[in-house]
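Residue numbers begin at 1 in each chain, while the letters A, B, ... track the order of the sequences. In this text, all values refer to a predicted model and were calculated from it rather than measured experimentally. FYI, side chains are in, hydrogens and waters are out, and symmetry mates aren't considered; it's all heavy atoms of this structure.
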Amino acid sequence: MVDMAIELFIELDDRGLPSDAGMHTVLLKAIVEEKGAAGVLDLIQRCDILRPELFDILCNKSISFLCKKGSPETACDVYVVMKRKGSVVTRKSYYSILEDANYALRFFAKIRECGWTTATIPVTVFDNLTTNGRVLDAYKLIRDMEDNLPRMDVVDYSIMVDRLCKGSHIRKALDLCEFARKKGITLSIVTYNSVINGLCRQGCLVEAFRLFDSLQKINVPPSEITYAILIDILTKEGHLVDARKLFEKMIVLGLKPSTRVYNLLINGYCKMGQMQEGLKLLLDLEVKCLKPDEFTVSAVINGFCRNGDMEAALGSYFDFKRDGHLPDFLGFMYLLSGLCSKGRLEESQSILREMLQTRSVINLLNKVEIDVQTESMEQFLFFLCEQGRIQETITVLNEVQSMFFPVERWRTGAPSGPEKLKEIYDSKAFGIAASKSSLSSYETDMNIKSSDAENTVKNYAEEENRSQLCDFDSYFDHLASLCTKGELLEANKLAKMLTC
DNA sequence: GTAGGGTTAG
């Protein structure tokens with residue numbers, strides 16, 4: 001039947017009679033139903049004798065139709081037929097292929113097979129890939145189609161660089177930075193922040209600080225966020241003194257630390273048991289007309305709880321509460337587990353009640369997908385709490401906590417936590433000398449201490465010894481030249497150093 | 001096939 005319809009369709013055109021879009025759709029539908037997607041390609045080949053205008057319309061329609069029906073391969077085949085005939089591929093059909101990231105990749109593979117270059121790859125292809133967790137595909141596409149790229153601007157690159165960093169593909173992120181710069185893009189501090197953050201997350205502190213220092217040279221001033229990233233990692237690694245120096249440095253440079261930056265240090269001090277320092281900063285924060293937030297409250301509470309000083313923890317909770325500042329989910333959890341561990345169940349219950357009425361806690365609980373029928377998580381917990389089943393309530397909350405706040409991310413292979421590092425660091429005068437760059441003193445001190453330091457610290461020193469690069473620019477040049485010379489072993493070593 | 005879209009916490 002379909003064959004007859006096709007013949008009729010061709011005959012109509014032959015007689016100069018028009019056909020409309022509706023008719024094309026009906027025809028395509030019938031063909032796919034009876035012969036599958038391949039039938040459409042067959043149709044296109046048979047319709048070679050149509051008037052060129054109609055042939056173009058039918059082909060373009062087929063491409064969109066096939067994509068919609070999930071047959072991108074055949075759509076690409078139709079595209080190839082069209083290109084070979086010199087037909088005009090409309091934007092609509094072109095984009096219907098590129099809309100889907102998988103289709104786009106197959107499409108470009110086909111194009112390469114044919115030995116063609118594409119007109120342009122739309123930025124949306126990269127957006128789609130990047131936002132759908134396929135940043136490596138996007139990266140590969142960029143590297144493969146170097147000369148046929150869309151006009152990507154600094155933000156397009158920045159998003160990709162950040163995603164690559166988040167996926168621990170630091171080397172590729174750096175490579176993309178260099179690629180963008182070769183394309184004439186001037187990267188901004190936002191992109192550098194992503195890279196610095198990525199390096200820190202990978203434990204490559206030396207490289208992170210190297211990049212930080214090189215920012216001055218390339219005339220990109222570090223922002224408040226740059227400092228926040230570095231202060232955070234230093235704090236996490238137990239280098240509180242250095243973190244504090246960076247904090248002071250940013251103030252000297254005229255960058256105003258936000259509550260968020262204060263929080264990093266307050267949290268660091270409180271976790272290290274240096275409550276006095278933490279509270280001093282809290283005071284300073286308020287002097288600077290900044291407001292504590294949920295994180296601040298939680299950090300202070302955590303500090304007192306860690307010290308086992310539940311009176312002080314409760315006291316600060318009520319003080320903050322009086323001023324309209326509540327802890328967040330974790331802050332409440334610190335307080336609750338502290339109270340429970342002392343067997344103070346009644347107080348736990350009243351704190352639990354307040355917790356379960358706190359907006360941010362409720363918001364978090366609402367994100368939990370549970371199948372406890374119609375009940376919401378919040379109602380469920382409140383019910384448990386009111387029944388006096390405190391321990392059970394907290395058990396459930398602990399589950400929630402493990403979902404949203406996975407265990408602290410200390411680097412693997414580091415056998416001990418911040419306490420040990422603190423000892424090491426406090427034992428000698430140590431810090432970022434004002435006259436030197438932050439990195440050079442950091443490295444020097446690392447080397448001095450590598451004999452008695454923990455593995456983590458040793459690693460930095462080793463990294464430093466392996467690395468003979470002075471700045472970001474020469475890093476790129478070095479890596480690029482290694483790759484060009486085919487010295488992949490060396491390049492790999494360099495890459496390994498970055499991706500650890 | 002635009003314009004607006006990009007970075008930091010336990």
| query | Taking the side chain of A:R260 as its heavy atoms from C-beta onward, which of B:dG6, B:dT8, B:dT7 lies nearest to it? | reply | B:dT8
| request: Ignoring the backbone of A:D153, work out which of B:dT7, B:dG4, B:dA9 is nearest its side chain. | output: B:dG4
| message | Students often get this wrong, so: under 4.0 angstrom with heavy atoms, is A:S258 touching a base, only sugar-phosphate, or nothing? | response | nothing
| task | Identify, with sequence neighbours excluded, every residue that meets side chain to side chain contact (heavy atoms under 4.5 Å, CB included) alongside A:N363. | result | A:R359
| said: What is the separation between atom CZ on A:F126 and atom P on B:dA3, rounded to the nearest whole Å? | reply: 19 Å
| query | Among all residues two or more places apart in sequence or in another chain, which pass the side-chain hydrogen bond (donor to acceptor under 3.5 Å, both in side chains) test with A:D156? | reply | none
| Going by number, which of residues 290-304 of chain A have a non-hydrogen atom under 4.0 Å from DNA chain B? | A:F295, A:S298
| query | Any side-chain N or O of A:K271 less than 4.0 Å from the OP1 or OP2 oxygen of B:dA9? | reply | no
| query | Between B:dT7 atom P and A:I189 atom CD1, what is the distance in whole Å? | reply | 14 Å
| query | Just how far, in rounded Å, is C1' of B:dG6 from CD1 of A:I229? | reply | 12 Å
| message | Nearest to the A:D127 side chain among B:dG6, B:dG4, B:dG10, which nucleotide is it? | response | B:dG4
| field | Nearest-angstrom distance from the residue atom CG of A:L187 to C1' of B:dT7 | value | 13 Å
| Members of residues 325-332 of chain A that approach DNA chain B, where some heavy atom sits under 4.0 Å away | A:D328, A:L330
| message | For A:K172, is there an ion pair with A:D175 - N to carboxylate O distance below 4.0 angstrom? | response | no
| note | Checking B:dA9, B:dT8, B:dG6 against the side chain of A:L264 (C-beta onward), the nearest is B:dA9
| task | Could I get the full list of ring-ring contact (aromatic ring centres under 6.0 Å, His included) partners for A:Y262, not counting sequence neighbours? | result | A:F247
| If you take atom types as modelled and just measure distance, does the side chain of A:S158 reach the base of B:dG5 with a donor-acceptor pair under 3.5 Å? | no
| message | Between the base of B:dA9 and the side chain of A:D232, is there a donor and acceptor pair under 3.5 angstrom? | response | no
| request: Quick one: list whatever passes side chain to side chain contact (heavy atoms under 4.5 Å, CB included) with A:S64, sequence neighbours left out. | output: A:S93, A:S96
| Rounded interatomic separation in angstrom, taking CE from A:M152 and P from B:dT2 | 13 Å
| remark: Separation of B:dT8 atom C1' from A:L255 atom CG, nearest Å, is 14 Å
| task | Could you check whether A:I225 gets within reach of a base, just the sugar-phosphate, or nothing at all, counting any heavy atom under 4.0 Å? | result | base
| Residue pair A:S214 / A:L211, side-chain heavy-atom distance below 4.5 Å | yes
| said: I'd like to check the side chain to side chain contact (heavy atoms under 4.5 Å, CB included) partners of A:E248; sequence neighbours left out, ordered by chain and number. | reply: A:R244, A:I251
| field | For A:Y317, ring-ring contact (aromatic ring centres under 6.0 Å, His included) partners two or more places apart | value | A:F332
| task | Just call it for A:V261: base, sugar-phosphate, or nothing, with non-hydrogen atoms closer than 4.0 Å on any strand. | result | nothing
| remark: To the nearest angstrom, the CG-P distance between A:D156 and B:dG6 comes to 12 Å
| request: Select base, sugar-phosphate, or nothing to describe what A:T226 touches, counting heavy atoms under 4.0 Å on all strands. | output: nothing
| To the side chain of A:N263, which of B:dA9, B:dT8, B:dT7 is closest? | B:dA9
| request: Provide, to the nearest angstrom, the distance between the CD1 atom belonging to A:I185 and the P atom belonging to B:dG5. | output: 18 Å
| query | So, are A:D232 and A:R201 salt-bridged, with charged N and O less than 4.0 Å apart? | reply | yes
| query | With sequence neighbours excluded, what pairs up with A:T25 under the side-chain hydrogen bond (donor to acceptor under 3.5 Å, both in side chains) test? | reply | A:K61
